[in-house]
Protein chains: 2
Amino acid sequence: MARAKDGKPTINDVARLAGVSKKTVSRVINRSPLLNAQTREKVEAVIAELGYVPNPQARALALRRNFLIGLIHDNPNAQMVLGVQEGILSAIRDTEFALVVRPVNRRSPDMLDDVRTFLDQQRLFGVLLLPPISENDALAQLCDELGVTYVRMGSVRLDEDVHMVASNDREAVAKAVGYLIGQGHRRIGFVAGPEGFRSAAERALGYRDALDSAGVAIDETIMAEGNYTFETGIAAGEKLLAASPRPSAIFASNDEMAAGVLHAARSIGMSVPEDLSIIGFDDTAIAAHIWPPLTTVRWPIQAMAKAAAIKLIDPVEARDQPSHFLSDLIERASVAPL
Amino acid sequence: MARAKDGKPTINDVARLAGVSKKTVSRVINRSPLLNAQTREKVEAVIAELGYVPNPQARALALRRNFLIGLIHDNPNAQMVLGVQEGILSAIRDTEFALVVRPVNRRSPDMLDDVRTFLDQQRLFGVLLLPPISENDALAQLCDELGVTYVRMGSVRLDEDVHMVASNDREAVAKAVGYLIGQGHRRIGFVAGPEGFRSAAERALGYRDALDSAGVAIDETIMAEGNYTFETGIAAGEKLLAASPRPSAIFASNDEMAAGVLHAARSIGMSVPEDLSIIGFDDTAIAAHIWPPLTTVRWPIQAMAKAAAIKLIDPVEARDQPSHFLSDLIERASVAPL
DNA sequence: TTGTATGCGTTATCAT
DNA sequence: ATGATAACGCATACAA
């Protein structure tokens, strides 16, 4: 009898068949360097023959740590979360790791307690924190306390490299607005994201950078703030398009608001991009599916998530993983030369 | 010393302090009925005092089953997956369960092997299968073989109630098309989903049902097939709008294709809904953010996912959970009376 | 109603 | 370089 009653061979079965001790098998599994080559081969042969796979639950108990990596997020946008999940999966594919997901509520007063019990119980190997909740320093500190390694994803560097994968929103927006300037636009409106979001602040800085380096003065009458929703995008668009002189282009800090601006423009009979050029940010599904298709900025989300996951699970590979990523300007049809 | 070295109290600590055996504590935890009330209270007091929480990894090892529920999907659309995750979470909140996510590739030849190793290794408590991969009977059978309970989510009943949460797409589409008929439309085009998708077939049946009961004849010249993408929606729209006489309304089997139809209509100078009414299906983000906002059909995704999760984790509550759900017609602005 | 002994599958300690 | 034995924290069988 080579196997246990429920069918799955255990380390004991391997040890018995290979004529060695459990510990030796364990050493083979964990690639211990101090091992006779012959012994290793013999054991590996038996493992292959039996189709033996170590039991993660038993390892978790013995090691006091689970082979689970967690994704903690506060629903920034569906596509981002899914992109991140894909990215993580591509990193843990063919490993023993699995991905557990934990949506939380940023505004809930017991969010931290919530995360604490979660981390405490599940004893995760590591967690990935998504924006905007990744901007919460108390959360990162909590992970530290509980001894779970973490990586934060964000729009700017806000932690050491081992704990961070960051895009550079400031630079990306500067590039996008610079592109508008390159098309001849000078009167360029700006729709900011909500106060308190680091991404919003960074994108605003990028806007100013671009105007500064082109020698264009800031004009508060063509700047507005929204909270990343379609509706606030409409409101912002109405305000900006009521200014005189009217802007010939508008950069909105995310796609939903850009769609709102587009809507507002159309409502007063303007055509895009003939009368108004628009650029958004995020490259969500709407960007490609509204009319005209929206020129926008895209984070390399999957690459970022993959790098983050590797930082979490593989300390040696981790060193080679970048902490900074450049976003791409996706040129579609919502921009025209002045 | 009431606690183990790493800080967390174990069942032994509780037993010692309460002056009972481990087994008694275990009985308290598992709510064994045969227990002296005094003993129980005493133990519960100690548990509360220590803040003791059973270690999931140890339980998993002893019970040969993890307290993880899995979500297996093939990326239908991001918002659906996220909605499902939220729904599951609302069911497992305040329990010891966690959610592990596994995206798979429907078309990959080793998809089944992939799932097998995943299930095999992680020894999940149960899994939720999302469409379209939930339509794969071999997958359900695999779960059965491996002894992991499963629930499938789908557009029609394709398994026993314990294994199923289903919307009724046929009825929902019939209602939507009936709504168009109620608005006076008789020449109603149809954009089908891709062959092989159960949802596509059901939606087509609903379309025919509605026409039949209104005594309208089927006309193949105003029917087309797409594969649920924006681009194929455009192509289908072009075909349908080239028919003569032209349809006054079009039902598309999902929102992306509906957006494509809208695009096609606009390209040839038609206005929506003045010249053409359009209804989609899914209520994805684009539906609300294109212009005009799209009338569409929405699955009660969170409710379905929550019911599914309860079916998985709680056999007694499971009996009270519905297996059939009705979709809602979300009336927006893409439909006008003839 | 409660306790004892044993098992779950792995890793760690400390020998040899 | 390898092995015997004891953890890891809980549950189950069987007694008492």
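Quick caveat: nothing in here was measured; it's all calculated off a predicted structure. To find a chain, count down the sequence lines: A is the first, B the second, and so on, and within it residues start at 1.
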*Report the residues that fulfil side-chain contact (heavy atoms from CB on, under 4.5 Å) with A:P103, sequence neighbours left out, ordered by chain and then residue number.*
A:H73, A:V101, B:E86, B:L89
*Using a cut-off of 4.0 Å on non-hydrogen atoms, how would the nucleic acid contact of B:T39 be classed: base, sugar-phosphate, or nothing?*
sugar-phosphate
*Do any pairs count as a salt bridge (Lys or Arg N to Asp or Glu O under 4.0 Å) and have a residue in residues 34-48 of chain A, sequence neighbours left out, and if so which ones?*
none
*If you check the A:I11 side chain, which of C:dT10, D:dC8, C:dC8 turns out closest?*
C:dT10
*Residues two or more places apart in sequence or in another chain: which of them pass side chain to side chain donor-acceptor pair (under 3.5 Å) with A:R27?*
none
*Would you kindly give the CG-to-C1' distance between A:L34 and D:dG3, to the nearest whole Å?*
14 Å
*Can you name the side chain to side chain donor-acceptor pair (under 3.5 Å) partners of B:S26, sequence neighbours left out?*
B:N30
*Check the distance between C:dA12's P and A:R65's CZ and give it to me in whole angstrom.*
11 Å
*asked:* Which nucleotide wins on minimum distance to the side chain of A:S26, given the candidates D:dC10, C:dT11, C:dG9?
replied: C:dT11
_Taking salt bridge (Lys or Arg N to Asp or Glu O under 4.0 Å) as the definition, give me every residue that meets it alongside A:D159, ordered by chain and number, with sequence neighbours left out._
A:R152
_Holding to salt bridge (Lys or Arg N to Asp or Glu O under 4.0 Å), I want the full list of residues that pass it with A:D120, two or more places apart in sequence or in another chain._
B:K8
*Whole-Å distance between D:dG3 P and A:N12 CG?*
13 Å
*Please state how far atom CG in A:N36 lies from atom P in D:dG3, giving the value in whole angstrom units.*
11 Å
*asked:* Using whole Å, what does the distance between atom C1' of nucleotide C:dC8 and atom CZ of B:R123 come to?
replied: 9 Å
For nucleotides 3-5 of chain C, give me every protein contact, N/O to N/O, under 3.5 Å, one pair per line with atom names.
residue	atom	partner	partner atom	Å
C:dG3	OP2	B:S21	N	3.1
C:dG3	OP2	B:S21	OG	3.0
C:dG3	OP2	B:T24	OG1	2.4
C:dG3	O6	B:R27	NH2	2.9

*Could you state the atom-to-atom distance from CZ of B:R40 to P of C:dT1 in whole Å?*
11 Å
*Would you say the side-chain atoms of B:Q85 and A:Q85 include a donor-acceptor pair closer than 3.5 Å?*
yes
*For A:D74, side chain to side chain donor-acceptor pair (under 3.5 Å) partners two or more places apart*: A:R106
_Side chains of A:Q57 and B:N66: any donor to acceptor distance under 3.5 Å?_
yes
_Whichever of A:V25 and B:A37 has its nearest DNA chain C nucleotide further upstream toward 5'_ = B:A37
*Can you name the residues that form a side chain to side chain donor-acceptor pair (under 3.5 Å) with A:D110, not counting sequence neighbours?*
A:S108
*Which part of the nucleic acid does B:L35 contact within heavy-atom distance under 4.0 Å: base, sugar-phosphate only, or nothing?*
sugar-phosphate
For residues 304-319 of chain B, which side-chain N or O atoms pair as donor and acceptor with protein atoms under 3.5 Å away, sequence neighbours left out?
residue	atom	partner	partner atom	Å
B:K311	NZ	B:D161	O	2.8
B:K311	NZ	B:S323	OG	2.6
B:D314	OD1	B:V316	N	3.1
B:D314	OD1	B:E317	N	3.2

*Would you call the rings of A:F125 and A:F97 parallel, tilted or perpendicular, where under 30° means parallel and over 60° means perpendicular?*
perpendicular
*Determine the contact category for A:L63: base if any of its heavy atoms lies under 4.0 Å from a base atom, sugar-phosphate if only primed atoms, P, OP1 or OP2 are that close, otherwise nothing.*
sugar-phosphate
*Rounded to the nearest Å, what distance is computed from the CZ atom of residue B:R64 to the P atom of nucleotide C:dG9?*
6 Å
*Quick one, which residues of residues 52-59 of chain A touch DNA chain C with a heavy atom under 4.0 Å?*
A:Y52, A:V53, A:P54, A:N55, A:A58, A:R59
_Angle between terminal axes - the helix from C:dT1-D:dA16 to C:dT16-D:dA1, 5 pairs each end, rounded to 10°_ = 40°
*B:E41 has an atom CD; how far is it from atom P of C:dT1, in whole Å?*
15 Å
